[in-house]
Amino acid sequence: EAELRGMTVNDLAHPDDPPFLLSGTDPSDPQEINYEMRCLRRDGETIWASVNAILIFNQQGKPLHFVLTLDDITASKLTEEQVAELSKDISNLSRDKTMGQVAAGLAHELNQPLTAIAQNADSALYAVNRMPDAEPELRLTLEEIAELPDPVGRQLASFERPNGLTIERVAVPIGVIGMIYESRPNVGADASALCLKSGNAVILRGGSESRHSTRVIVECMRNGLAAAGLPEDAVQTVGTTDRGAVAALLKADEFVDLVIPRGGRGLVELVRDQASVPTLLHLDGNCHSYVHSAADLDKAVKVIRNAKLRRTGVCGATESVVVDRAVAADFIPKFADTMGADCELRGDADAVAIDGRLKQATEDDWHTEYLDPIASVKIVDGLDEAIAWVEEHSSHHTDAIITEDDAAARKFMTSIDSAIVMHNASTQFADGGEFGMGAEIGIATGKMHARGPVGLEQLCSFKYLVHGDGQTRP
């Protein structure tokens, strides 16, 4: 996914081949239109992309600019023969090896269009926010999943009762998982691989923006499963883009064991409010980094710059910087120097008084997940006030403390009720891959079943195996 403000569709198009309307609103009122277009790569070759153009208006109705989004980092130009080739040699394999082979073949085929589209629109298109570093990340992530230990059948606990019964608690698959996501094509590949590896069936429902990628991913997985003699229906997709299909999936209690949404707040809230199927939710990433009075300020500046700006559009990006008053006069100018023109800083009155480069924050700023190069700055009086502030305003995704005082770090980490709490580290490490999980389906911000990165182990439930030798209950 990538956004280019102030550009038009024609800025991306091949000079000899104007874009044409694919779908959208009436062209006479072009507030949102999908185009399919041929684009020119730096190496002179051409590729196809779907581009969504949203025309932004001011309050007076005057057009301001376009926001362009690559709708589908697509594999739609693969032929049936190419798709069939991905699973040709996958037969008589275990579930693990089947998943690994299909994933590797899928990554190999997809990385070509991924890389082409990334290169097409120059560095601005490639660098923004959520689009992964396509070629290495997609392939390596799927290969890592294939190499991870099988989570199914793990003995989680074992104990013997006085009556001689031996009781085991073992990991088992959840069952059928519905995965609802928007436009990131790697989500479909990751979800399929993780669910297959953990013994679950998966139903993918990608947004209209990623329909082509989802179709090819599912075809590859199903062909590989069939060739290996495994149930190809373990990986399925909802074939329609009708939004009513989402509502039906959310009510399919008889057939679906768990629904996981991955996307914007609107999608997650829709799932939360309408689902009768159990859900695993990932809400806002309003993440905080607290600079304690015993912080190494140079370390703090380095860590928080990375936490904010490495990728501003990921859920683990720091959105608010909380600063202890004891070090505020030294830290804030140093921090503003480092952020420079790369990030807009919005502070409370005390922070603005220390450094006039900060803009005055509003009440909304303390609750905002910007997903942009903007950060709020709040000054607090000591550790207890910092804990109270973060607890009130955090979305309980990921929060961090920067300090050389281990006791203060321990108090902060045990007091903050977030899925992930860090000490002297960038909040952007909130990622299943960084946790050694190979990949994640999302980061759960609730408290039931799974919390934090949702990888293979979190896609398992458990059951008890009770072994006896003729015991009867008195």
Problem set entry | Considering all heavy atoms, the nearest A351-I332 contact | CB-CD1, 3.9 Å

For this session: Taking side-chain hydrogen bond (donor to acceptor under 3.5 Å, both in side chains) as the test, write out the residues that go with S426, two or more places apart.
Result: N306

Problem set entry | Heavy atoms of other groups near R410 CZ, more than 12 under 6.0 Å | no

Exercise. Taking only residues two or more places apart in sequence or in another chain, which ones pass ring-ring contact (aromatic ring centres under 6.0 Å, His included) with Y464?
Worked result: F462

For this session: Would you indicate whether K251, at its atom NZ, is surrounded by more than 12 heavy atoms from other residues, nucleotides or ligands within a distance under 6.0 Å?
Result: yes

For this session: Have a look at P373 and tell me which of D342, L345, L309 forms a side-chain contact (heavy atoms from CB on, under 4.5 Å) with it.
Result: L309

Exercise. Measuring from R169:CZ to Q155:CD, what's the distance to the nearest 0.5 Å?
Worked result: 10.0 Å

Show every donor-acceptor pair shorter than 3.5 Å between a side-chain atom in residues 386-396 and any protein atom, with sequence neighbours excluded, or say none if there are none.
from: E391; atom 1: OE2; to: D417; atom 2: N; distance (Å): 2.8
from: H393; atom 1: ND1; to: W389; atom 2: O; distance (Å): 2.9
from: S394; atom 1: OG; to: H396; atom 2: N; distance (Å): 2.8
from: S394; atom 1: OG; to: D399; atom 2: OD1; distance (Å): 3.4
from: S394; atom 1: OG; to: D399; atom 2: OD2; distance (Å): 2.7
from: S395; atom 1: OG; to: D284; atom 2: O; distance (Å): 2.6
from: S395; atom 1: OG; to: N286; atom 2: N; distance (Å): 2.8
from: H396; atom 1: ND1; to: D417; atom 2: O; distance (Å): 3.0

Exercise. Atom SG of C195 and atom CD1 of I174: how far apart are they, to the nearest 0.5 Å?
Worked result: 8.5 Å

For this session: State the OG1-CZ distance between T414 and F412, to the nearest 0.5 angstrom.
Result: 10.0 Å

Exercise. K308 side chain to D372 main-chain N or O, any donor-acceptor pair under 3.5 Å?
Worked result: yes

Exercise. Between L358 and A336, what is the shortest heavy-atom contact and its length?
Worked result: CD1-CB, 4.4 Å

For this session: State, yes or no, whether a side-chain contact exists between H423 and I401 at a heavy-atom distance under 4.5 Å.
Result: yes

Problem set entry | Worked verdict on D298 versus K334 for side chain to side chain contact (heavy atoms under 4.5 Å, CB included) | CA-CA 8 Å; D298 290 332; K334 186 187 291 282; 3.3 Å; yes

Problem set entry | Sub-4.5 Å side-chain heavy-atom contact between N200 and L258 | no

Exercise. Is any side-chain heavy atom of V291 less than 4.5 Å from a side-chain heavy atom of L297?
Worked result: yes

For this session: Decide yes or no for S192 and L204: does some side-chain heavy atom of the first lie under 4.5 Å from some side-chain heavy atom of the second?
Result: yes

Problem set entry | Closest non-hydrogen atom pair, A328 against V323 | CA-CG1, 3.7 Å

Exercise. Under the 3.5 angstrom rule, does the side chain of E385 hit a backbone N or O of G382 as a donor-acceptor pair?
Worked result: no

For this session: State, yes or no, whether a side-chain contact exists between R325 and D350 at a heavy-atom distance under 4.5 Å.
Result: yes

Exercise. So how far is it from Y290 OH to D324 CG, rounded to the nearest 0.5 Å?
Worked result: 3.5 Å

Problem set entry | Spacing of Y370 atom OH and E344 atom CD [to the nearest 0.5 Å] | 8.0 Å

For this session: Count the heavy atoms of every other residue, nucleotide or ligand shown that sit under 6.0 Å from CZ of R272, and state whether that count exceeds 12.
Result: yes

Exercise. Can you check whether Q428 reaches T318 side chain to side chain, under 4.5 Å on heavy atoms?
Worked result: no

For this session: Please report the closest heavy-atom contact between A450 and A444, naming both atoms and the distance.
Result: O-CB, 3.5 Å

Seminar exercise, completed: Hits for salt bridge (charged side-chain N to carboxylate O under 4.0 Å, His left out) against E404, two or more places apart or cross-chain, chain-then-number order -> K299

For this session: For H397, check ring-ring contact (aromatic ring centres under 6.0 Å, His included) against everything at least two apart and list the hits.
Result: H282

Exercise. Is there a donor-acceptor contact under 3.5 Å from the side chain of Q360 to the main chain of V352?
Worked result: no

Problem set entry | Minimum heavy-atom distance A425-V303, with the two atoms named | C-CG1, 3.5 Å

Problem set entry | Donor-acceptor pair, side chain of E160 and main chain of T166, under 3.5 angstrom | no

For this session: Mark yes or no for whether S198, through its side chain, and L456, through its backbone, hold a donor-acceptor pair below 3.5 Å.
Result: no

Exercise. Considering only heavy atoms from C-beta outward, does the side chain of L383 approach that of T403 to under 4.5 Å?
Worked result: no

Problem set entry | Intermediate values then yes/no, side chain to side chain contact (heavy atoms under 4.5 Å, CB included), V271 and L250 | CA-CA 7 Å; V271 171; L250 296 179; 3.9 Å; yes

Show which side-chain atoms of residues 467-474 pair as donor or acceptor with protein atoms under 3.5 Å away, not counting sequence neighbours.
from: H467; atom 1: NE2; to: E168; atom 2: OE2; distance (Å): 2.7
from: Q471; atom 1: OE1; to: D469; atom 2: N; distance (Å): 2.4
from: Q471; atom 1: NE2; to: N163; atom 2: O; distance (Å): 3.1

For this session: Please report the C-alpha distance between F331 and I304 in whole Å, then the side-chain angles of each, then the deciding distance to 0.1 Å, and finally whether the side chain to side chain contact (heavy atoms under 4.5 Å, CB included) criterion is met.
Result: CA-CA 12 Å; F331 173 79; I304 298 175; 4.2 Å; yes

Problem set entry | Taking every non-hydrogen atom, the tightest pair across V152 and G199 | CG2-N, 4.2 Å

For this session: Indicate whether any N or O donor in one side chain lies under 3.5 Å from an N or O acceptor in the other, for D365 and T362.
Result: yes

Exercise. To the nearest 0.5 Å, what is the distance between CD1 (I420) and CG (D431)?
Worked result: 9.0 Å

Problem set entry | Worked check of side chain to side chain contact (heavy atoms under 4.5 Å, CB included) between K463 and V170 | CA-CA 6 Å; K463 68 178 181 181; V170 298; 4.1 Å; yes

Exercise. Between T398 and T427, is any side-chain donor less than 3.5 angstrom from a side-chain acceptor?
Worked result: no

